[in-house]
Amino acid sequence: MRIATWNVNSLKARLPRVEEWLEYAQPDVLCLQETKLADKNFPSMAFSALGYDSAAHGHNQWNGVAILSRVGIEDVTTGFDDETIDPYEGDARLVAARCGGINVVSVYVPNGREVGTEFYDRKLVWFDALHGWIAKQYSPTDALVVAGDFNVAPEDRDVWSPKAFEGSTHVTEPERAAVRRLEEWGLVDAFRHQYDQDGLYSYWDYRRGDFHQHRGMRIDLVLVTEPLAEKIGWALIDRNARKGKQPSDHTPVVIDIDV
DNA sequence: ATGGTAGCCCTGCTA
């Protein structure tokens, strides 16, 4: 089973590249973030033509998530459950489904903007809600994949220059603690399960020629429960998808699980 | 020196 996640920064702008990538990479499941599309505008027909069913969750021109699957898609839910208070209520940042016997969650964690702002504070509260929701919905012994743009670089080796990010969001201790808390519950960073080296990024700012200068961050994560972690065949960040015409500023993260 | 780009639409806001 090949599972991938990709923040496409507008599915409308990126549809040709997503179609091209699906044909090239042949994922069984693809989690999307920043679709920036209301559900009524989601291009489900384009994906059907390539053999994928889809579950979309979007309201307007901001955020928006989806799951594409060619191994079936059932029990679709959007957002947290009714009892969970969502500090970003109104945004579309989470969609879950069961695909080919695996529980899949596509997440788009709030950016947080600047440390010290209420956006940053609510990002941490959103992480609390995510942790609580996962713990309520699933067990660490379930086959579960939580994939998406976490807007956190888990460690210093996940950014091109820790010094350049001092005082910025994505690298603060509370944000990193929020990711560790998910790991302590029972999720494993699939990419780190396979690779230790630094310099492997999933996001490069469009500005300053950051991609070509290799100034990036690894903020797109595929987290899996232990029963799946022990079956990971390989993992990779498809850096090539950041090249060429009209790329997203993120690139896909892909894992193969022997199930 | 607070820069730079891309994408959306209330040509400013979000990332």
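All values below come from the heavy atoms of this structure, side chains included, with hydrogens, waters and symmetry mates left out. The model shown is predicted, which means the values in this text are computed figures rather than measured ones. Below, read A as the first sequence line, B as the second, and so on, with proteins coming before strands; counting in each chain starts at 1.
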Other than V152(A), which residues form its hydrophobic cluster under the rule that side-chain heavy atoms must be closer than 4.5 Å?
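Reading the cluster by chain and number, V152(A) sits alongside F80(A), Y88(A), L94(A), V105(A), V107(A), V109(A), F119(A), W126(A), F127(A), L130(A), W133(A), I134(A), Y138(A), L144(A), V146(A), F150(A), V179(A), L182(A), W185(A), L187(A), L221(A), L223(A).
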Sugar-phosphate means primed atoms, P, OP1 and OP2; the rest is base. With that split, encode nucleotides 7-15 of chain B 5' to 3' as B, S or - using protein heavy atoms under 4.0 Å.
BB----BSB
I'd like the [atom1] distance from [M] over to [N], given in whole Å.
{"N": "dC9(B)", "M": "dG4(B)", "atom1": "P", "answer": "25 Å"}
{"N": "dC8(B)", "M": "dG3(B)", "atom1": "P", "answer": "24 Å"}
{"N": "dC10(B)", "M": "dA6(B)", "atom1": "P", "answer": "22 Å"}

If the test is side chain to side chain contact (heavy atoms under 4.5 Å, CB included), which one of L30(A), I67(A), T35(A) qualifies with S106(A)?
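It is I67(A), the one option of L30(A), I67(A), T35(A) that forms the side chain to side chain contact (heavy atoms under 4.5 Å, CB included) with S106(A).
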Going by the rule ring-ring contact (aromatic ring centres under 6.0 Å, His included), which residues pair with [X] if we only count those two or more places apart in sequence or in a different chain?
{"X": "H59(A)", "answer": "H57(A)"}
{"X": "F42(A)", "answer": "F47(A)"}
{"X": "Y108(A)", "answer": "none"}

For E83(A), what residues pass the salt bridge (charged side-chain N to carboxylate O under 4.0 Å, His left out) criterion, not counting sequence neighbours?
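With sequence neighbours excluded, E83(A) shows a salt bridge (charged side-chain N to carboxylate O under 4.0 Å, His left out) to K136(A), given in chain and number order.
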Value in whole Å for how far the P atom of dA6(B) lies from CZ of R208(A):
13 Å
